[in-house]
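The next block holds one structure in the form of structure tokens; read it before the comments.
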Amino acid sequence: NKRVAESRWKKEEEKHSAHIKKISKNVKYRIFKSRLLGFLAGDGSISITKDRNKKNVHHKLSFYPDHKSMTDPFMEAFNYLYRKQPTIKQYKNYYSVRISFKFACLDLLKTSKVGTYDWEVPFTFLESEKTKIEWLRAFFDCEASILKRQIQLQSVNMKGLFQVKRLLESFKIESKIYKYERKNDKWNTNYILCIMKKESRKNFLNKIGFNHTLKLEKLKKHFASVP
């Protein structure tokens with residue numbers, strides 16, 4: 001019944017809260033949490049839904065990376081923070097990483113918003129250079145395209161992209177944001193962040209980099225072929 005469920009949740013919350021309190025003084029805590037928030041801002045979501053009878057509430061975390069090199073760092077961070085392993089399923093062009101876990105969902109949402117339209121850079125949490133790098137690397141793993149003369153991000157979240165631009169500037173990485181009106185009036189306006197200057201792209205490679213091995217190699221090869 002409801003009382004039993006609430007009692008069970010309270011015990012679980014106390015157990016997980018004690019664990020988070022214990023590890024919160026470790027450097028890994030902020031680094032791994034920054035990584036998870038970057039991944040979720042890019043290719044993830046946290047949903048809180050009710051049954052039709054509105055008696056049961058479900059908390060689900062989902063992450064959909066397009067390469068195996070992203071699942072390992074995600075799982076490493078999640079297991080360290082919450083001592084559980086999400087399930088991973090491989091599909092043709094992507095992986096599905098999912099878990100129903102109320103404590104983790106609420107804990108992550110306390111720190112930052114996630115989701116296509118609402119994601120944000122959690123500036124108050126990213127206190128150190130290492131945490132800023134971890135968030136940027138994870139977010140660019142998900143969203144970046146490596147073109148011949150630029151690194152590009154696209155999003156419908158204009159506010160979020162300007163926050164990314166501000167964060168990049170702290171590493172002397174210049175970028176510009178362009179507005180792209182799509183042909184269909186029913187489609188959302190896209191905003192495109194571009195890192196075009198050669199020096200800024202080099203700074204991104206050397207200071208931020210990628211977990212995504214294909215994107216990392218593509219960026220490295222480009223500079224290797226340019227005098």
Side-chain angles (χ1 to χ4, degrees), residues 8-46 48 59-65 67-88 95 97-115 118-144 160 163-164 166-173 203-213 215-216:
R8 188 184 301 117
W9 156 243
K10 189 174 181 180
K11 289 180 180 178
E12 283 290 304
E13 183 183 30
E14 289 173 353
K15 181 180 70 175
H16 294 302
S17 294
H19 172 67
I20 290 294
K21 185 178 180 180
K22 181 181 178 181
I23 65 172
S24 62
K25 295 179 181 179
N26 298 340
V27 175
K28 280 186 176 181
Y29 167 74
R30 283 187 174 271
I31 288 176
F32 282 154
K33 196 167 187 179
S34 299
R35 182 190 297 175
L36 286 184
L37 292 171
F39 277 141
L40 291 171
D43 281 338
S45 66
I46 293 176
I48 302 174
H59 299 74
K60 294 181 180 179
L61 182 150
S62 304
F63 177 51
Y64 302 104
H67 196 262
K68 182 68 168 61
S69 57
M70 296 163 68
T71 64
D72 290 344
F74 184 94
M75 298 292 276
E76 177 190 25
F78 197 92
N79 186 51
Y80 177 83
L81 291 171
Y82 304 114
R83 297 184 295 182
K84 287 194 177 185
Q85 292 284 359
T87 58
I88 301 178
Y95 292 81
V97 183
R98 306 185 71 183
I99 189 169
S100 295
F101 189 7
K102 181 178 178 180
F103 180 85
C105 291
L106 296 181
D107 182 62
L108 289 163
L109 288 175
K110 283 179 184 177
T111 309
S112 181
K113 294 178 182 178
V114 299
D118 302 318
W119 63 265
E120 62 184 7
V121 176
F123 285 108
T124 55
F125 187 77
L126 305 180
E127 295 178 339
S128 69
E129 186 174 279
K130 287 184 178 180
T131 54
K132 292 174 183 177
I133 289 171
E134 206 66 41
W135 190 94
L136 281 170
R137 183 184 295 144
F139 185 72
F140 273 74
D141 281 336
C142 300
E143 298 296 308
Q163 291 178 346
V164 172
R166 176 181 158 194
L167 190 57
L168 288 169
E169 287 169 355
S170 67
F171 294 95
K172 296 183 179 180
I173 299 170
N203 282 342
F204 185 91
L205 175 61
N206 295 328
K207 296 180 179 181
I208 310 300
F210 289 98
N211 296 298
H212 196 301
T213 54
K215 293 181 180 181
L216 181 61

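In this chain, numbering begins with 1 at the start of the sequence shown.
The ring-ring contact (aromatic ring centres under 6.0 Å, His included) check on Tyr95 picks up nothing, with sequence neighbours excluded. Partners of Asn203 under the side-chain hydrogen bond (donor to acceptor under 3.5 Å, both in side chains) rule, at least two apart in sequence or in another chain, do not exist in this structure. By the ring-ring contact (aromatic ring centres under 6.0 Å, His included) test, Phe63 pairs with Phe39, Phe74, sequence neighbours left out. Phe204 meets the ring-ring contact (aromatic ring centres under 6.0 Å, His included) test with Phe140, Phe210; sequence neighbours excluded. Evaluation of the side chain to side chain contact (heavy atoms under 4.5 Å, CB included) rule for Leu167 yields Val121, Phe123, Leu126, Lys132, Trp135, Leu136, Ser170 as partners, not counting sequence neighbours. For Ser45, the side chain to side chain contact (heavy atoms under 4.5 Å, CB included) partners are Ser62, not counting sequence neighbours. Applying the ring-ring contact (aromatic ring centres under 6.0 Å, His included) criterion to His16, with sequence neighbours excluded, gives Phe101, Phe103. Scanning for side chain to side chain contact (heavy atoms under 4.5 Å, CB included) contacts around Ser128 gives Lys130, Thr131, with sequence neighbours left out. Residues satisfying the side-chain hydrogen bond (donor to acceptor under 3.5 Å, both in side chains) test with His19, not counting sequence neighbours, are none. With sequence neighbours excluded, no residue forms a side-chain hydrogen bond (donor to acceptor under 3.5 Å, both in side chains) with Arg137. Asn79 is linked by a side chain to side chain contact (heavy atoms under 4.5 Å, CB included) to Gln85, counting only residues two or more places apart in sequence or in another chain.
Between Lys15 and Glu12, at least one side-chain nitrogen of the basic residue sits less than 4.0 Å from a carboxylate oxygen of the acidic one, meeting the salt-bridge criterion.
At least one donor-acceptor pair under 3.5 Å links the side chain of Ser69 to the backbone N or O of Thr213. Counting only distance, with no hydrogens or angles, the side chain of Ser24 and the backbone of Lys21 share a donor-acceptor pair below 3.5 Å. Listed for the Glu120 side chain is no donor-acceptor partner under 3.5 Å among the backbone atoms of Gly160. Between the side chain of Asp141 and the main chain of Asn211, a donor-acceptor pair closer than 3.5 Å is present. At distances below 3.5 Å, not a single donor-acceptor pair connects side-chain atoms of Arg30 with backbone N or O atoms of Glu127.
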Begin from the C-alpha positions of Tyr82 and Leu36 and carry the test side chain to side chain contact (heavy atoms under 4.5 Å, CB included) through to its verdict. CA-CA 12 Å; Tyr82 304 114; Leu36 286 184; 4.1 Å; yes
Going through the checks in order, is the side chain to side chain contact (heavy atoms under 4.5 Å, CB included) test met by Ser112 and Phe125? CA-CA 9 Å; Ser112 181; Phe125 187 77; over 6 Å; no
Could you walk me through whether Glu129 and Phe171 pass side chain to side chain contact (heavy atoms under 4.5 Å, CB included), step by step? CA-CA 9 Å; Glu129 186 174 279; Phe171 294 95; 3.5 Å; yes
Test Lys28 against Ile23 for side chain to side chain contact (heavy atoms under 4.5 Å, CB included), laying out the working first. CA-CA 8 Å; Lys28 280 186 176 181; Ile23 65 172; over 6 Å; no
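Note that CE of Met70 is 5.0 Å distant from CG of Asp43, once rounded to the nearest 0.5 Å. Rounded to the nearest 0.5 Å, atoms CG (Leu40) and CD1 (Ile46) are 5.5 Å apart. How far CD1 of Ile99 is from NZ of Lys60: 12.5 Å, rounded to the nearest 0.5 Å. Expressed to the nearest 0.5 Å, how far CG of Leu205 lies from CG of Leu216 amounts to 6.5 Å. One finds the CD1 atom of Ile208 at 7.0 Å from the CG atom of Leu168 (value rounded to the nearest 0.5 Å). With rounding to the nearest 0.5 angstrom, the OG atom of Ser100 is 9.5 Å from the NZ atom of Lys84.
Between Leu61 and Arg98 the shortest side-chain heavy-atom distance does not fall below 4.5 Å. Here the side chains of Tyr29 and Ile20 are in contact, with some heavy-atom distance below 4.5 Å. Counting heavy atoms from C-beta on, the side chains of Thr87 and Val97 never come closer than 4.5 Å. Side chains of Pro86 and Met75 form a contact here, defined as non-hydrogen atoms less than 4.5 Å apart. By the 4.5 Å heavy-atom criterion applied to side chains, Lys33 and Thr111 are counted as neighbours.
Using a 30° and 60° split on the angle between ring planes, Trp119 and Phe139 fall in the tilted class, from 30° to 60°.
For residues 67-83, the salt bridge (Lys or Arg N to Asp or Glu O under 4.0 Å) pairs, not counting sequence neighbours, are Arg35-Glu76, Lys68-Asp72.
Within a 6.0 Å sphere centred on NZ of Lys207, other residues, nucleotides and ligands contribute more than 12 heavy atoms.
Residue Ile31 comes nearest to Glu134 through the heavy atom pair O-CG, 3.2 Å, listed as atom of the first residue, atom of the second, then distance.
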